[in-house]
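Here is how names work: the chains are called A, B, and so on, in the same order as the sequence lines, proteins then strands, and each is numbered from 1. As a basis for the values below, the full set of heavy atoms in this structure was taken, side chains included, without hydrogen atoms, waters or symmetry mates.
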Amino acid sequence: MIKELSIDQKLCTGCMICQQLCSYTFSGIYNTENAYIVVKPSYKETAFEVAFKPECTKCGICVVYCNYGALNFV
Amino acid sequence: MEIGGYAGQDLYVDLTTGAVKKQKLDPEVAKNFIGGSGMGSWLAYELIKPHIDPLSPDNHIIISAGPLLGTPLPAASETACTTKYPLTGSINPGKAGGRLGPLLKYAGYDNLIINGKSKKPVYLKICDDDVELCDATDIWGKDVHTTTDILWSKHGEEYCVVPIGPAGENLVKISLTIVDKLQTMGKGGLGATMGSKNLKAILIKGTKGIKVNDNKFQQFVFSELRSFMNDPLLQPWLDLGSMFFFNSRVQWYHKNYTEIITNEQAQRYGPSVYKEVVHRHKLACMACPGSCKAYLELKDEEFKGTKLVLSTVGGRIPHFMNRTNAGSINRAIILADLCNKYGLCAHNATSLIDFLVELYEKKIITEKDTGGQVLKRDFEMTKELIKKIASREGIGNTIAEGYNGVIKEIGRGCEKYAVQVKGLDVNFDARINRLGTLEFHEVVNPRGGHQQVALTEGGAIYAGDSVEDSDDVEKFRQWCDRVNVPKDARDRIFEKPGQFNVAKLTKWSEDWWTLIDSMGWGCYYHKRTYTMDKICTAYALATGIHLSSEELLRAAERSYNVLKAANAREGFSRKDDAFPEKWFEPILDEGKPRYMMDQSGNLITKEVVSRLLDAYYAERGWDIVTGIPTKSKLTELGLERIAKELYPV
């Protein structure tokens, strides 16, 4: 069963480790542009805005290594 | 150059002609200087001709990203910015975390080198191979945050934005830049250097990414991330960010370094109060799981609901509370934010204000010198002075010139009250926590009174342990183990039983941290866990280049000697490695005099300082009379050409 992933926007610090790990997993290169998760500065209600792209396979590597609890399995 | 980790080319931009040049990275330069601050020092020696005016088109801004940047190795985000800094006239690498270096690598460059001067205000926009100079007339005059918002709105938040504020535009020598509204960069006047070039901002976006040589690098990253996340000290650190350091007393100096604030006074704005009046949303540099920065929402009555972004809160709050008597934590935060918006260095500004207030209180200067301004330490005065410094108005014009300028203008022996080295205020006072490597390095650092490198005491203070832990010589031996300091050097450092020679240890600390900075690895919190084994592994897996610990330390030593040679060419020598006069006087600690002492509790006199400097230069293999690298040391490091240039006869 494919797990669903959730985002707590308030907890994202903008470290972008999720993007780096994701891109390497799927393309063999560290490149935030290739990642299936997008992290952008906002500094409005939250500091960053995070969203999964449709290509996301829900592998969960971003969840495992998010040190701030911003990403979770549902 | 097809080596992992590195992007493989440098980008040169001439603002006078608009010319853009791309040059392949020389693999030998990479092995000799690694990258980051090491490579920045080498490029600075090659490109910045001696005795040029830092505010002239001839000055170069060199932004360097080490081979680990762009990877998620925890805290691999330290980017170096080397230039001839206007405040001090010295050449040195400043640093910043954040996206700058990683995105420079993703765009395809290891180093970005900017020279010349544009005829009109521009911003430099880089996206991979596309390099543009864009009209900045509409944003000239705008503050740092407004500029960033406008440029993000125009070009997208994928760009890292590094602007200057009004302080840089007005060539204020204590101006700097701010990366993505958050990380400060360029203490010593980088803002003025950019302003002198009519360069309002640098924007970088990259879509090419970075490859590493070996897939095992990713496994190494996972292992480091797990280690980071399982560190028992991580949670207390994340709770407070850089306020974690607060009770180490390192920044508790008060009234221009004449007193240490009492514990009772300090706790009125310490961590427990901080948590009550501020809601902290953690922010981090790219690739860093150890957030030390914050998106703050102020909760007190005066500023309720105010949101702002701040880096190194743990440094800013003590500076504004102790040096300028801001009155409350949130008033201190508001003042720090004001400095950021103007693109002004909060360290320099608070230090100079504190210094001038002492001169005013002692009637060395009067309203005649201040343009009618009554100087005192409080919130409103500081707010007013920050604006005047940024706009070079009245007394602000004097302060804008930094310590060297203020001392020159005022004279009257005021220099003995200035706690600065080479024109830059010190961040750590050797009388508070004894003369350690941090404090000694502030004096011998080519940059001036700045902690370019972190401490060596096993991170005792920074891990929140008591100050007394730093007296434990065993911790210093353990540090030498972690870093693979050679046995003969350890014999010299620990020559006397139960003691260590701080000067000799500083040499190895400097080389170690130069290596870390050259790699691009950095995190206030996590640095204490780095070992030479990890560095060797990380570098080999990322790049495919296998260098031993000796070779890596040698590369760092080479970088440090090139940097020192560049500054020797500018005329810096032993005479400039001068302890502040106040350090030889006592500082009041709960009403009692506290003197500068070594780790064993022995008084440090001028004679002791002279012997320590001798020991430091000897450990470095430098001339102990001049304090600069000898011909034989430069030759030993493979820098024969530099040796001939420094010693033409």
Side-chain angles (χ1 to χ4, degrees), chain A residues 3 5-73, chain B residues 5 69-77 97-99 102-103 105-106 128 145 148-149 152 156-161 180-182 205-212 215 217-218 221-222 225-226 228-229 234 238 281-296 307-309 542:
Chain A
K3 292 181 172 148
L5 307 183
S6 69
I7 303 169
D8 188 339
Q9 304 279 352
K10 296 190 306 297
L11 297 181
C12 177
T13 65
C15 77
M16 299 175 178
I17 289 176
C18 54
Q19 290 188 296
Q20 292 171 305
L21 293 178
C22 177
S23 67
Y24 190 85
T25 300
F26 291 101
S27 69
I29 296 176
Y30 294 114
N31 185 354
T32 49
E33 291 286 313
N34 283 358
Y36 297 155
I37 180 170
V38 177
V39 178
K40 286 198 304 189
S42 162
Y43 296 118
K44 298 187 178 74
E45 277 308 305
T46 59
F48 286 84
E49 290 172 0
V50 187
F52 292 107
K53 289 182 182 173
E55 297 90 330
C56 170
T57 65
K58 301 181 177 60
C59 75
I61 200 159
C62 55
V63 173
V64 170
Y65 288 103
C66 176
N67 195 37
Y68 302 105
L71 303 171
N72 288 284
F73 294 113
Chain B
L69 256 62
T71 77
L73 192 63
S77 74
R99 295 193 294 175
L103 293 194
K105 295 281 289 292
Y106 289 170
D128 297 346
H145 289 187
T148 307
D149 286 335
W152 273 341
E157 293 92 348
E158 296 84 4
Y159 278 92
C160 172
V161 177
D180 286 340
K181 290 192 185 181
L182 189 55
K205 172 181 163 180
T207 71
K208 296 180 181 180
I210 275 291
K211 292 180 187 174
V212 290
N215 289 336
F217 183 84
Q218 177 83 325
V221 165
F222 287 149
L225 280 170
R226 283 194 295 271
F228 202 113
M229 291 159 83
L234 180 63
L238 289 179
H281 175 145
K282 294 189 270 288
L283 297 180
C285 291
M286 189 159 168
C288 186
S291 151
C292 68
K293 303 176 194 320
Y295 184 34
L296 302 173
K307 287 185 177 179
L308 43 86
V309 178

Could you check if a side-chain atom of Met16(A) sits within less than 4.5 angstrom of a side-chain atom of Ser77(B), using non-hydrogen atoms only?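 No, side chains not in contact.
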Do Lys181(B) and Tyr43(A) make a side-chain contact, defined as non-hydrogen atoms from C-beta onward lying under 4.5 Å apart? yes
Enter the distance from [X]:[atom1] to [Y]:[atom2] here, rounded to the nearest 0.5 Å.
{"X": "Glu45(A)", "Y": "Tyr295(B)", "atom1": "CD", "atom2": "OH", "result": "7.5 Å"}
{"X": "Cys12(A)", "Y": "His281(B)", "atom1": "SG", "atom2": "NE2", "result": "6.5 Å"}
{"X": "Lys40(A)", "Y": "Tyr159(B)", "atom1": "NZ", "atom2": "OH", "result": "13.5 Å"}
{"X": "Trp152(B)", "Y": "Ser42(A)", "atom1": "CH2", "atom2": "OG", "result": "9.0 Å"}

Taking all non-hydrogen atoms of both residues, which atom of [X] and which atom of [Y] are closest, and how far apart?
{"X": "Cys15(A)", "Y": "Ala284(B)", "answer": "CB-CB, 4.0 Å"}
{"X": "Phe48(A)", "Y": "Leu283(B)", "answer": "CE1-CD2, 3.7 Å"}
{"X": "Glu33(A)", "Y": "Gly206(B)", "answer": "CG-O, 3.4 Å"}
{"X": "Cys288(B)", "Y": "Ile17(A)", "answer": "N-CD1, 4.1 Å"}

Check against side-chain contact (heavy atoms from CB on, under 4.5 Å), Val64(A) and Leu225(B): CA-CA 10 Å; Val64(A) 170; Leu225(B) 280 170; over 6 Å; no
Under a 4.5 Å heavy-atom cut-off, does chain B meet the side chain of [X], its backbone, both or neither?
{"X": "Val38(A)", "value": "neither"}
{"X": "Thr32(A)", "value": "both"}
{"X": "Cys18(A)", "value": "neither"}
{"X": "Tyr65(A)", "value": "both"}

Chain B interface, residue from [options] that has the most non-hydrogen pairs under 4.5 Å:
{"options": "Val39(A), Leu21(A), Ile29(A), Asn31(A)", "result": "Asn31(A)"}
{"options": "Ser27(A), Gly14(A), Cys66(A), Pro41(A)", "result": "Pro41(A)"}
{"options": "Thr25(A), Leu11(A), Asn34(A), Thr46(A)", "result": "Thr46(A)"}

Please check if atom NZ in Lys307(B) has more than 12 non-hydrogen atoms from other residues, nucleotides or ligands closer than 6.0 Å. yes
In terms of heavy-atom proximity below 4.5 Å to chain A, should [X] be classed as side chain, backbone, both, or neither?
{"X": "Lys282(B)", "value": "both"}
{"X": "Asn215(B)", "value": "both"}
{"X": "Leu308(B)", "value": "neither"}
{"X": "Lys208(B)", "value": "backbone"}

Under the side-chain contact (heavy atoms from CB on, under 4.5 Å) criterion, do Gln20(A) and Gln218(B) qualify, and how do the steps go? CA-CA 10 Å; Gln20(A) 292 171 305; Gln218(B) 177 83 325; over 6 Å; no
I'd like to know whether Glu49(A) forms a side-chain contact (heavy atoms from CB on, under 4.5 Å) with Glu157(B), so could you lay out the CA-CA distance, the side-chain angles of the two residues, the decisive distance to 0.1 Å, and finally the verdict. CA-CA 11 Å; Glu49(A) 290 172 0; Glu157(B) 293 92 348; over 6 Å; no
May I ask you to decide if Pro72(B)'s main-chain N or O and Tyr30(A)'s side chain share a donor-acceptor pair within less than 3.5 Å? no
Tyr68(A) side-chain N/O to Gly290(B) backbone N/O, donor-acceptor pair under 3.5 Å: yes
Determine, step by step, whether Phe222(B) and Ile61(A) satisfy the side-chain contact (heavy atoms from CB on, under 4.5 Å) criterion, reporting the C-alpha distance in whole Å, the side-chain angles of both residues, the deciding distance to 0.1 Å, and the verdict. CA-CA 10 Å; Phe222(B) 287 149; Ile61(A) 200 159; 3.4 Å; yes
